[in-house]
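So the structure is just underneath, and the comments pick up after that.
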Number of protein chains: 2
Amino acid sequence: MDDKTKAPPPPSPGRQKLLDAAIALFGRKGFDATTTREIAEAAGVNIANIAYHFGGKEGLYRACAEELGRAIRPRVTDVLSRKAPETPQEARNAIAEILSRMVHLIIREPALENPSRFILREYFDPTPTLHLLYQSLMEPISSRLTALWATAVGADPEAEDTRLAVMGLVGQILAFRVARSIICLRMEWETIGPREAEAIETMVIATLDARIAAARKERP
Amino acid sequence: MDDKTKAPPPPSPGRQKLLDAAIALFGRKGFDATTTREIAEAAGVNIANIAYHFGGKEGLYRACAEELGRAIRPRVTDVLSRKAPETPQEARNAIAEILSRMVHLIIREPALENPSRFILREYFDPTPTLHLLYQSLMEPISSRLTALWATAVGADPEAEDTRLAVMGLVGQILAFRVARSIICLRMEWETIGPREAEAIETMVIATLDARIAAARKERP
DNA sequence: GATTTTCAATCAAACGATTGATTGAATCGG
DNA sequence: CCGATTCAATCAATCGTTTGATTGAAAATC
């Protein structure tokens with residue numbers, strides 16, 4: 001219960017199948033709308049394994065969040081691990097690349113459809129598990145983006161409006177995932193395919209460049 | 001079931017109390033996590049009234065969406081009903097005012113906390129009810145903003161990237177409501193009070209002005 | 001090295017609690 | 001009085017959880 005989430009529990013066939021099935025179902029339908037029987041059936045194991053491996057439905061949910069941190073983090077940390085750019089232009093390009101990556105991961109990548117929904121649900125209806133997702137995913141990306149933004153426009157990395165500007169850019173991407181249904185209605189899109197995803201990416205990058213240009217002007 | 005949702009059902013004391021309670025509970029906890037007993041108790045009426053007035057839990061949910069359209073629409077249509085600005089500067093000011101209004105309504109206004117969550121839930125987990133919210137709320141605001149944006153930057157009101165730019169601005173606001181929990185973590189805010197709401201509003205307006213300046217430059 | 005013991009993992013079956021829905025009598029307003 | 005509205009009581013269905021038994025492979029024992 002109170003372990004530091006340091007020790008990765010020894011994997012077992014049923015355990016991992018339950019995690020995968022639970023992430024997919026929790027992500028697609030939410031915690032309350034998903035039944036333990038559904039999860040067990042999708043995983044191809046018996047219901048009792050949920051209590052055995054995770055102590056219950058809630059324990060399974062928390063384990064899903066831990067699993068997502070482990071599984072998704074590598075897909076973003078490779079960008080994060082590069083050395084910090086020193087020129088504003090390099091910083092701008094680095095931000096653009098990360099945002100572009102996020103658009104594809106969050107909005108397009110089919111394999112991350114339900115994981116993304118799982119995470120966004122936790123943002124919307126936070127539980128104690130939220131901190132887990134924050135530390136493993138949001139914090140490293142966001143703080144890196146903030147540092148890059150500070151380099152790109154010559155701002156104070158610690159200033160509140162610096163962090164807020166970055167959250168605005170990231171939030172723009174999240175919004176297109178959260179409100180996908182009504183955005184498709186408004187944009188008269190049937191789905192968000194490659195063409196539509198590219199249009200969104202172009203819009204996000206345009207916002208980035210516009211913000212950078214404006215910030216540089218008032219802080220020469 | 002299949003009525004055209006045209007006729008506003010005759011109000012009755014218990015009916016309205018059920019609607020108010022249901023909007024609050026559906027918004028705060030979601031459809032599946034909310035029980036009919038909870039709703040009835042919060043409304044101070046008997047459970048049977050749900051079936052009597054709305055035919056069941058799902059009927060109550062749809063009625064909540066209709067009610068939200070009726071209740072919230074006036075709070076935005078007053079801005080929409082003004083005559084269309086003709087100069088780019090007037091258009092910019094009109095956009096800024098609408099966005100500012102949206103920030104306060106969606107992020108700050110305590111009375112709209114649960115209604116906002118109700119609507120955003122429907123965006124995230126769309127049901128057939130989605131079209132109702134789209135037509136009564138999103139479409140009128142969004143199309144008005146698109147027209148204003150076209151005037152402000154001299155763009156084609158029908159172009160896809162015009163609509164997309166507007167959805168990006170609106171989405172930015174929605175994101176701060178959806179991901180409020182994790183944004184508070186990142187911003188080191190305890191809550192989003194007047195000061196924090198103003199910071200968000202400033203950021204949104206800064207994004208607007210930056211986008212306008214950039215769009216004008218490349219389309220003189 | 002054969003036998004016994006241990007243990008994690010899985011299963012079918014059943015548990016008590018709660019769900020949304022329904023019923024028929026009671027109550028109210030006109 | 002009569003239709004509209006409210007109510008306590010109850011329904012079948014489903015929820016998450018628990019139980020007790022079974023498996024197979026390692027560990028221990030002789």
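The sequence lines fix the lettering, A, B, ..., with proteins before strands; numbering per chain opens at 1.
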I want to check one thing: is the phosphate of dT10(C), taken as OP1 and OP2, less than 4.0 Å away from some side-chain N or O of His53(A)? yes
key: Glu160(B)/Arg195(A) salt bridge by N-O under 4.0 Å criterion   = yes
Glu58(B) atom CD is separated from dA21(C) atom C1', nearest whole Å, by 13 Å
| message | Under 3.5 Å, is there any donor-acceptor pair linking the side chain of Asn49(A) to the base of dA9(C)? | response | no
Angle class for the Tyr61(A)/Phe31(A) ring planes (parallel below 30°, perpendicular above 60°, tilted otherwise)?
perpendicular
Note: for Ile47(A) and Tyr52(A) on DNA chain C, the residue whose nearest nucleotide lies more 5' is Tyr52(A)
Among dT18(D), dA12(C), dT22(C), the one nearest any side-chain atom of Ala51(B) is dT22(C)
Tyr61(B) atom OH is separated from dA21(C) atom P, nearest whole Å, by 15 Å
- prompt: Cut-off 3.5 Å, side chains only: do Glu122(B) and Thr127(B) have a donor facing an acceptor?
  reply: yes
Would you call Arg62(B)-Glu67(B) a salt bridge at under 4.0 Å N-O?
no
Rounded to whole Å, the CZ-P distance (Phe54(A) to dT17(D)) equals 13 Å
Geometric cation-pi criterion Arg180(B) and Tyr123(A), 6.0 Å radius, 45° cone: no
The answer to which of Ala48(A) and Phe31(A) contacts DNA chain D further toward the 5' end, by nearest nucleotide, is Phe31(A)
Leu18(A) atom CG is separated from dT17(D) atom P, nearest whole Å, by 13 Å
Sorted by number, residues from residues 35-45 of chain A placing a heavy atom under 4.0 Å from DNA chain D are Thr35(A), Thr36(A), Arg37(A)
Rounded to whole Å, CG of Asp32(A) lies from P of dC15(D) at a distance of 12 Å
**Message:** Between Arg117(B) and Asp125(A) (salt bridge meaning N to carboxylate O under 4.0 Å), is one present in this structure?
**Reply:** yes
